[in-house]
Amino acid sequence: MKKSNFAAMILGTIGAVLFALGMCMALIPEWNAFRPGVIMGIIGIAVLIIMVIVWRKMEHKDLIHISAKTIGMILLGIIGALTLGVGMCLTMVWSNMILGIVIGLIGIILLLCLIPLTKGLQQ
């Protein structure tokens with residue numbers, strides 16, 4: 001394993017755990033820890049951003065260039081993930097099975113659209 005991949009794995013794990021724990025703290029009312037949860041979630045996001053910067057430096061790659069295509073792909077990913085999440089909530093929380101499955105499939109299709117957008121289509 002390359003050092004850059006190992007560093008990315010460690011930082012990614014730490015950032016993801018901090019983010020997930022922060023979101024649990026913020027969203028589970030029994031914990032009564034909304035504000036600390038949001039702070040911990042922001043710290044997790046910061047660690048994940050640091051992970052990307054460290055990994056790209058160790059791989060001797062340029063920083064990510066922001067373009068209209070990059071912003072569009074980010075927005076498509078966000079919309080796809082939220083759509084999939086709404087479908088899951090409809091199915092599992094609100095017992096609306098058919099509508100939840102349809103909306104969840106739309107979210108999956110939106111997320112699958114990211115693959116040809118990022119990698120391109122080749123023959």
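What you see is a predicted model; the values in this text were computed from it and never measured.
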### Message
My understanding is that only residues two or more places apart in sequence, or in another chain, count here; which of them pass side chain to side chain contact (heavy atoms under 4.5 Å, CB included) with Ile14?
### Response
Ile10, Leu18, Val47
Should [X] and [Y] count as side-chain neighbours, where that means a heavy-atom distance under 4.5 Å?
| X | Y | value |
| --- | --- | --- |
| Met23 | Met40 | no |
| Asn96 | Thr91 | no |
| His65 | Ser67 | no |
| Met51 | Val54 | no |

Looking at every non-hydrogen atom in both residues, tell me the closest pair between [X] and [Y] and how far apart they are.
| X | Y | answer |
| --- | --- | --- |
| Met25 | Trp31 | CA-CE3, 3.4 Å |
| Thr118 | Met73 | CG2-SD, 3.3 Å |
| Cys113 | Pro116 | O-CD, 3.3 Å |

### Query
To the nearest 0.5 Å, what is the distance between CG (Leu76) and OG1 (Thr83)?
9.0 Å
#### Entry: Reported CD1-to-CD1 distance for the pair Ile108 and Ile103, which is rounded to 0.5 angstrom
12.5 Å
### Message
Could you check whether any side-chain N or O of Thr13 sits under 3.5 Å from a backbone N or O of Met9, counting only pairs where one atom can act as donor and the other as acceptor?
### Response
yes
### Query
So, the side chain of Lys57 versus the backbone of Val52: is there a donor-acceptor pair under 3.5 Å, distance only?
no
In terms of hydrophobic clustering (I, L, V, M, F, W, Y; side-chain heavy atoms under 4.5 Å; direct or indirect links), are [X] and [Y] co-clustered?
| X | Y | value |
| --- | --- | --- |
| Ile106 | Ile115 | yes |
| Val93 | Val86 | yes |
| Ile49 | Ile78 | no |
| Leu111 | Ile74 | no |
| Phe19 | Leu82 | no |

More than 12 foreign heavy atoms under 6.0 Å from [atom1] of [X]: is that the case here?
| X | atom1 | result |
| --- | --- | --- |
| Leu63 | CG | no |
| Met88 | CE | no |
| Leu112 | CG | yes |

### Message
Pair Lys2, Met58 - check side chain to side chain contact (heavy atoms under 4.5 Å, CB included), show working.
### Response
CA-CA 10 Å; Lys2 292 172 26 177; Met58 290 179 81; over 6 Å; no
### Query
Quick one: side-chain hydrogen bond (donor to acceptor under 3.5 Å, both in side chains) pairs with a partner in residues 45-55, sequence neighbours left out?
Asn5-Trp55
